[in-house]
Number of protein chains: 2
Amino acid sequence: MKQEVKSRETQELIINKSFDLFYEKGYNATSIPDIMKKTSLSKGAFYHHFKNKHEIGKKVIEVIIRKRIKEGFIVPLSDINNNVPELLLDVFTNRIKNYSEREKALGCPANNLIGEIGYSEEDFRIILKTLIEEWREALIKTIDIGKYRGEINSKVNSSSTAISLICAFEGVRSVRKVYDDDVIFNEFMESMGSFIKNLGIQQVS
Amino acid sequence: MKQEVKSRETQELIINKSFDLFYEKGYNATSIPDIMKKTSLSKGAFYHHFKNKHEIGKKVIEVIIRKRIKEGFIVPLSDINNNVPELLLDVFTNRIKNYSEREKALGCPANNLIGEIGYSEEDFRIILKTLIEEWREALIKTIDIGKYRGEINSKVNSSSTAISLICAFEGVRSVRKVYDDDVIFNEFMESMGSFIKNLGIQQVS
DNA sequence: AAATAAACATACTATTTAGTATGTATTTTT
DNA sequence: AAAAATACATACTAAATAGTATGTTTATTT
């Protein structure tokens, strides 16, 4: 029992530190020795718990990145007392203001990983796709609730709107990475704001 | 004179093949030996023409990626006989349909590179920022022309709209990478289409 | 045509890397 | 309490890597 706890703690430490490094340096640029330095553990510890680098990559996506998307973008949508456009405005614009300088400069961990995978690393692609799908489904549900309540125009296509919100958001976090100020975020929030507000009024066919 | 031509041709070959590899495998995952295999040249040739890997990275961004953005997204905007919303619709949605399977699967080369750079590689960041700025300025001009002609609502913020278009577009090319079909593109085009059409009509304040 | 310089090729070094083999201390099981 | 298994650490191997040093051939200059 005591051993089980220790084992889990070690694994979590390795996963967390791996995430930090992948986020800062990228997946390919991070080596196993890099991870071991950060954890103050040995290579023996790593290979006792994980099969190889690919394995820790998968775990980081499945556990850490998934948790971040869930807590940052899916859970906040369940605050259904709030008006739906307000909710979307909050999740996709207001929250940007609270990002740390580090988060602004490093962008979205999921998106960074997507950028790194080419034809290779098919495993990563599939897990990341699942995460995006979970996010998208939650958004569709929220938009549908908005329609039902009359807060969102019934002509709005929930599915395509959901994808556009995700894409625009991932896009701005990516583009922001090349800037060293918040101009891009501020401009984006203005335009995104009117896009979301427009969901409530009559659309062009 | 003959030598000068040969030299330039060799450099161009190395730059082109490097771009192909960076696009397919990513910058960090591509080694100098990888590049040399693709060009059928030797290491001596590489280091005769370029100082190091970083140098070729810069050249690829400055020359190839810049050319792609210019030809693909800036030049088409100068077709000012066309109605501005139509022009934007063409550049940001219709053209997606003509992408090859390879381009769909690999996403946007510039965006992939942005994803890979963290705090490191400050040089790349600055060049990429310049490219985005050039793109943005061209878009702002186009939108302003649209306003002047009455094709775009005067209340539209040209600058924030330009950034949003770029972000959304980069975002969808990124998100598309994790899918293996065109569903995301199609859904995006619908929503992006109504966003652009909305630029022509009355906005919510 | 001799001297020079440019355009490469080949062979090497030093470092880093993923992954393995083998050890040891600590738990857990029997 | 002995045996076995777990959680690591240390020391290694083999391959890959960026970059250099030193050729050799071809073009250019004098």
Side-chain angles (χ1 to χ4, degrees), chain A residues 1-22 24-61 113 116-124, chain B residues 1-22 24-61 113 116-124:
Chain A
M1 208 68 250
K2 196 170 150 191
Q3 218 167 30
E4 209 177 309
V5 172
K6 190 88 206 296
S7 174
R8 212 184 50 234
E9 278 173 356
T10 303
Q11 287 183 48
E12 280 171 6
L13 177 68
I14 295 174
I15 293 173
N16 283 321
K17 295 294 181 186
S18 295
F19 169 78
D20 290 345
L21 284 166
F22 293 164
E24 257 177 49
K25 310 179 32 162
Y27 174 76
N28 285 311
T30 301
S31 71
I32 310 286
D34 284 342
I35 298 171
M36 290 356 270
K37 251 172 256 164
K38 274 264 176 181
T39 56
S40 303
L41 287 169
S42 69
K43 231 168 182 186
F46 181 87
Y47 284 99
H48 177 70
H49 291 287
F50 302 95
K51 213 179 108 207
N52 50 35
K53 192 184 169 185
H54 192 84
E55 213 64 29
I56 191 82
K58 284 204 290 186
K59 269 273 179 282
V60 164
I61 304 175
L113 267 170
E116 261 195 89
I117 56 173
Y119 286 130
S120 61
E121 238 90 52
E122 179 79 352
D123 279 10
F124 292 2
Chain B
M1 205 70 249
K2 198 170 150 192
Q3 217 167 32
E4 208 178 310
V5 172
K6 190 85 205 297
S7 173
R8 211 186 50 232
E9 276 174 358
T10 303
Q11 287 183 48
E12 278 171 8
L13 177 67
I14 295 175
I15 293 173
N16 283 320
K17 294 296 181 186
S18 295
F19 169 79
D20 290 345
L21 285 166
F22 294 164
E24 258 178 48
K25 310 179 31 160
Y27 174 76
N28 285 312
T30 301
S31 71
I32 311 285
D34 284 343
I35 297 170
M36 291 355 271
K37 250 172 257 163
K38 275 265 174 179
T39 56
S40 303
L41 287 169
S42 68
K43 231 167 182 184
F46 182 87
Y47 283 99
H48 177 70
H49 292 287
F50 302 95
K51 214 179 107 206
N52 49 35
K53 194 185 168 185
H54 191 86
E55 214 64 30
I56 191 82
K58 284 204 290 185
K59 268 273 178 284
V60 164
I61 303 175
L113 267 170
E116 262 195 89
I117 55 172
Y119 285 132
S120 61
E121 239 90 54
E122 179 80 352
D123 279 9
F124 292 3

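All values below come from the heavy atoms of this structure, side chains included, with hydrogens, waters and symmetry mates left out. Just so we're on the same page: letters track the sequence lines, and every chain starts at 1.
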Exercise. Is the cationic atom of B:Lys59 (NZ for Lys, CZ for Arg) positioned less than 6.0 Å from the six-membered ring centroid of B:Phe19 and within 45 degrees of its normal?
Worked result: no
Exercise. Around A:Lys38, counting heavy atoms of other residues, nucleotides and ligands shown, do more than 12 lie under 6.0 Å from its NZ?
Worked result: no
For this session: Fit a plane to each ring of B:Tyr27 and B:Phe22, take the angle between them on a 0 to 90° scale, and name the class: parallel (under 30°), tilted (30 to 60°) or perpendicular (over 60°).
Result: perpendicular
Exercise. More than 12 foreign heavy atoms under 6.0 Å from NZ of B:Lys25: is that the case here?
Worked result: yes
Problem set entry | Separation of atom CE in A:Met36 from atom C1' in C:dA18, rounded to whole Å | 13 Å
Exercise. Could you write nucleotides 7-23 of chain D as a row of B, S and -, 5' to 3', where a protein heavy atom under 4.0 Å of any base atom gives B, of only sugar-phosphate atoms gives S, and otherwise -?
Worked result: BBBB------SBBB---
Exercise. Of the non-hydrogen atoms in B:Asn28 and B:Glu116, which two are nearest, and what is the gap between them?
Worked result: ND2-OE1, 2.8 Å
